[in-house]
Amino acid sequence: MEQNNSNNSLLAEIEELRQQLEEATDTIQAIRTGQVDALVVKDTDGHQLYTLKTADQTYRVFIEKMNEGAATINREGIVLYCNTRFALMVDAPLEDVIGMPILSFVPEKAKEKLQALIDDSWEDDCKKEITIKDGGEKDMHCLFSCTTIELDSGTALSLIITDLTILKATEKELKLRNEQLEEARSVTESLNESLEATVKERTHDLTISREHFKLLTNNIVQMTWTNLPDGNVNAYNQRWYDYTGLDFAATGGFGWTDLIHPDDLAETAAKYTASLQSGEMFEVENRYRRHDGVYRWHLNRSQPLRNDEGEIIFWVGTATDIEDQKREMERKDEFIGIASHELKTPLTSLKGYLQLMAAYKKEELPAAIKNYVTKAGGSLNKLQSLINDLLDVSKIKAGGLEYNIADVNVNHLIGLCMENAMLMYPHFAFSSHAGQNYIIRGNQERLEQVLMNLVNNAVKYSYVNKTVEIDTARHGNYVRISVIDKGIGLSHDQKNKIFERFYRVEDKKNMASGLGMGLYISHEIIQNHKGRIGVESEPGKGSTFYIELPLAEG
Ligand code: ADP
């Protein structure tokens with residue numbers, strides 16, 4: 001009996017619990033669907049009433065604080081509720097928004113679009129970008145997200161409105177930046193392309209110019225080379241290899257020195273080193289050994305190539321074969337030697353006969369004949385001095401002039417020349433300043449020849465100002481004798497060449513007679529006296545030719 005009682009009470013308890021569960025499920029469903037907003041719950045303190053106000057409050061605060069606008073509209077599109085943010089977005093007081101058609105807050109052109117969105121959203125959740133009136137000049141781009149909600153009064157449509165202005169502005173900015181980037185990229189690309197084209201063009205030009213250079217150097221008759229500032233040769237043209245029969249390994253660097261005639265090596269090496277040190281042009285005549293062992297004369301010239309800073313990058317040199325010219329010169333010298341020698345004998349007898357004629361006493365010679373004899377004597381003297389010069393030149397070439405050395409008094413030497421000059425050129429004004437009694441060791445006749453040559457030139461090349469001055473001065477252990485004129489003068493280039501054999505300045509306007517031998521012979525004579533000869537000159541202003549001779553000791 002007792003057993004039955006307990007079973008029954010258990011079943012009753014289960015039934016009660018089942019009912020409670022059903023009740024709870026219904027309540028939850030009611031809360032979920034919004035059918036109730038308050039419920040009575042029995043707990044240890046008895047029955048309590050819970051409203052959903054608390055939760056509703058939370059959501060209201062949440063919606064109020066949202067950055068997005070929020071609005072609820074009914075089927076007619078009337079705003080039932082909106083948050084402050086939305087009111088701000090449309091720039092109207094909250095109370096003026098509620099109760100108004102939502103379409104009144106969008107510009108005319110967007111109305112149709114919003115209506116379509118609303119219509120679609122009653123069926124299903126929808127989103128669309130739509131502009132709203134922000135109350136000011138500009139419209140505001142917004143994203144409308146719509147969803148239906150069930151209210152006591154029926155179904156409503158909730159709209160969440162997100163302001164896209166910043167997003168749009170950012171997008172616009174981003175677009176602008178992208179466009180700028182794109183523009184910069186295309187500019188860079190085109191720059192790159194033009195740079196590439198320039199590089200290509202330059203490389204092409206360079207290749208062409210290198211090929212040109214190669215073609216040129218390989219086709220010119222000279223041998224050419226380039227060497228570094230330290231003297232090492234780093235390239236030759238084909239002519240060099242053809243001539244020497246050797247390759248770069250044998251002749252590069254300083255290997256070329258083995259090919260120079262032993263007699264020319266010292267001078268070549270000295271001039272080469274001097275040029276490398278001074279940076280001035282290298283020029284020397286020497287003999288190079290050919291592949292068959294024959295030596296041929298060459299004229300070497302090398303010029304430095306400098307960068308913008310003036311530093312030497314490398315030297316470009318050429319060697320011109322002058323063997324044939326040398327032979328020609330030798331033949332010419334030989335001819336001059338023979339001819340002048342041959343001319344000298346009849347000239348001497350001619351001079352003798354003229355002297356006899358001048359001294360004829362038996363009867364008085366007619367004045368005209370006397371005059372002719374004097375003139376013939378003058379011409380003969382000129383001829384004789386030319387022949388003497390020619391003989392001197394060929395003697396120099398054949399091994400040098402002969403000198404009898406003795407003490408020479410400089411004042412005496414100058415006195416003799418002055419006397420001579422005044423007789424020869426009576427229309428010229430000569431002056432001299434006797435210095436100390438300088439004594440030098442030398443050959444009186446040869447030194448007279450030098451001084452007279454300088455005086456003759458001073459007269460010959462002074463067409464207007466007819467004054468010549470002879471000065472003496474001591475320079476250390478040397479005495480310097482200067483012959484100063486106010487004639488046509490010389491340019492820098494001419495000054496460097498006038499001591500060369502047969503060199504004459506080309507001056508068609510004022511061509512004085514001469515063969516370009518005087519200064520060459522003078523130079524040779526002064527060198528033999530261990531002295532120096534030189535010139536200071538300016539075109540149109542005159543020249544000062546000077547010789548410096550070592551003073552005799554003691
Ligand atoms: P030349 O017989 O031609 O005078 P030189 O050897 O004496 O031969 O002189 C060489 C050249 O130097 C001359 O042709 C002339 O052009 C130039 N020269 C020499 N002396 C003078 C001078 N005093 N003034 C100007 N030019 C001069």
Side-chain angles (χ1 to χ4, degrees), residues 329 332-333 336-337 339-340 343 378-397 400-401 414 417-418 420-422 424-425 427-432 445-472 480-529 531-548:
M329 267 302 223
K332 199 164 77 187
D333 288 338
I336 289 171
S340 47
L343 284 169
S379 300
L380 214 61
N381 282 341
K382 277 189 191 158
L383 201 59
Q384 196 173 28
S385 99
L386 271 179
I387 288 171
N388 284 343
D389 278 356
L390 281 170
L391 271 172
D392 282 350
V393 169
S394 57
K395 274 189 207 153
I396 292 169
K397 287 308 295 172
L401 303 170
I414 293 172
C417 286
M418 289 287 284
N420 240 336
M422 283 190 236
M424 284 167 74
Y425 312 109
H427 50 295
F428 262 77
F430 292 96
S431 61
S432 71
E445 272 171 36
R446 286 297 183 188
L447 291 175
E448 230 180 287
Q449 182 182 348
V450 172
L451 214 52
M452 269 324 284
N453 179 44
L454 298 184
V455 171
N456 285 338
N457 281 347
V459 170
K460 225 167 32 169
Y461 301 106
S462 298
Y463 305 108
V464 185
N465 193 325
K466 298 183 183 301
T467 58
V468 178
E469 190 185 323
I470 303 181
D471 250 3
T472 39
R480 178 192 274 224
I481 308 169
S482 307
V483 178
I484 307 154
D485 68 55
K486 301 273 180 289
I488 58 171
L490 291 156
S491 71
H492 180 74
D493 275 1
Q494 292 162 352
K495 277 194 285 189
N496 291 334
K497 292 191 175 138
I498 49 173
F499 297 100
E500 286 172 19
R501 189 160 52 125
F502 304 129
Y503 178 82
R504 305 204 69 222
V505 173
E506 264 214 47
D507 178 9
K508 295 201 174 79
K509 209 165 56 174
N510 309 312
M511 205 61 181
S513 68
L515 290 177
M517 292 184 291
L519 288 178
Y520 170 71
I521 298 167
S522 302
H523 181 259
E524 177 72 17
I525 295 171
I526 297 301
Q527 265 205 332
N528 268 291
H529 281 77
R532 291 187 286 259
I533 183 164
V535 62
E536 285 154 7
S537 184
E538 234 182 281
K541 296 212 167 145
S543 313
T544 298
F545 278 84
Y546 61 85
I547 52 175
E548 287 179 348

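Order of appearance sets the numbers: ligands from 1, and atoms from 1 within every ligand.
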task: Determine, considering heavy atoms only, which of G518, G516, P539 sits nearest to atom 1 (P) of ligand 1.
output: G516
message: Minimum distance, heavy atoms only, to atom 7 (O) of ligand 1: which one of V459, N457, L386, V535 is it?
response: N457
query: Nearest heavy-atom pair of S340 and S394: which atoms, and what distance?
result: OG-OG, 4.5 Å
statement: Nearest heavy atom to atom 15 (C) of ligand 1, choosing from Y503, Y520, Y461, belongs to Y461
N453, L519, L515: member with heavy atom nearest to atom 2 (O) of ligand 1: L515
field: Sub-4.0 Å atoms of ligand 1 with respect to non-hydrogen atoms of M517
entry: 6 (O), 8 (O)
message: Can you tell me if K460 contacts ligand 1 (heavy atom of the residue under 4.0 Å from the ligand)?
response: yes
query: Among protein heavy atoms, which sits nearest to atom 3 (O) of ligand 1, and what does the distance come to when rounded to 0.1 Å?
result: R504 NE, 2.5 Å
message: Can you tell me which residue among L386, N381, I387 is in a side chain to side chain contact (heavy atoms under 4.5 Å, CB included) with Q384?
response: N381
task: Go through the side-chain N and O atoms of N465 and T467 and say whether any donor and acceptor fall under 3.5 Å apart.
output: yes
- prompt: Would you say F545 touches ligand 1, if touching means a heavy atom closer than 4.0 Å?
  reply: yes
message: Check this for me - ligand 1, V505, N or O atoms closer than 3.5 angstrom, yes or no?
response: yes
Element-labelled atoms of ligand 1 that are located less than 4.0 Å from some non-hydrogen atom of L490: 26 (N)
- line: Hits for side-chain contact (heavy atoms from CB on, under 4.5 Å) against L380, two or more places apart or cross-chain, chain-then-number order -> L347, L350, K351, L354
query: Is there a donor-acceptor pair closer than 3.5 Å between any side-chain N or O of S462 and the backbone N or O of V459?
result: no
- prompt: Donor-acceptor pair, S432 side chain versus I470 backbone, under 3.5 Å?
  reply: no
statement: Scanning both residues in full, the closest heavy-atom pair of S537 with G542 reads OG-O, 3.1 Å
- request: Consider ligand 1: state whether an atom of it lies below 4.0 angstrom from any non-hydrogen atom of S543.
  value: yes
Kindly list each side-chain donor-acceptor pair under 3.5 angstrom involving residues 516-524, sequence neighbours excluded, with atom names and distances?
from, atom 1, to, atom 2, distance (Å)
S522, OG, N453, ND2, 3.0
S522, OG, G518, O, 2.8
E524, OE2, N528, ND2, 3.3

- prompt: Quick one: do K460 and D485 make a salt bridge, cutoff under 4.0 Å?
  reply: no
- prompt: Backbone, side chain, both or neither: what part of D485 comes under 4.0 angstrom of ligand 1, heavy atoms only?
  reply: side chain
task: Pull out every atom of ligand 1 sitting under 4.0 Å from any heavy atom of I498, numbered as shown with elements.
output: 11 (C), 12 (O), 17 (C)
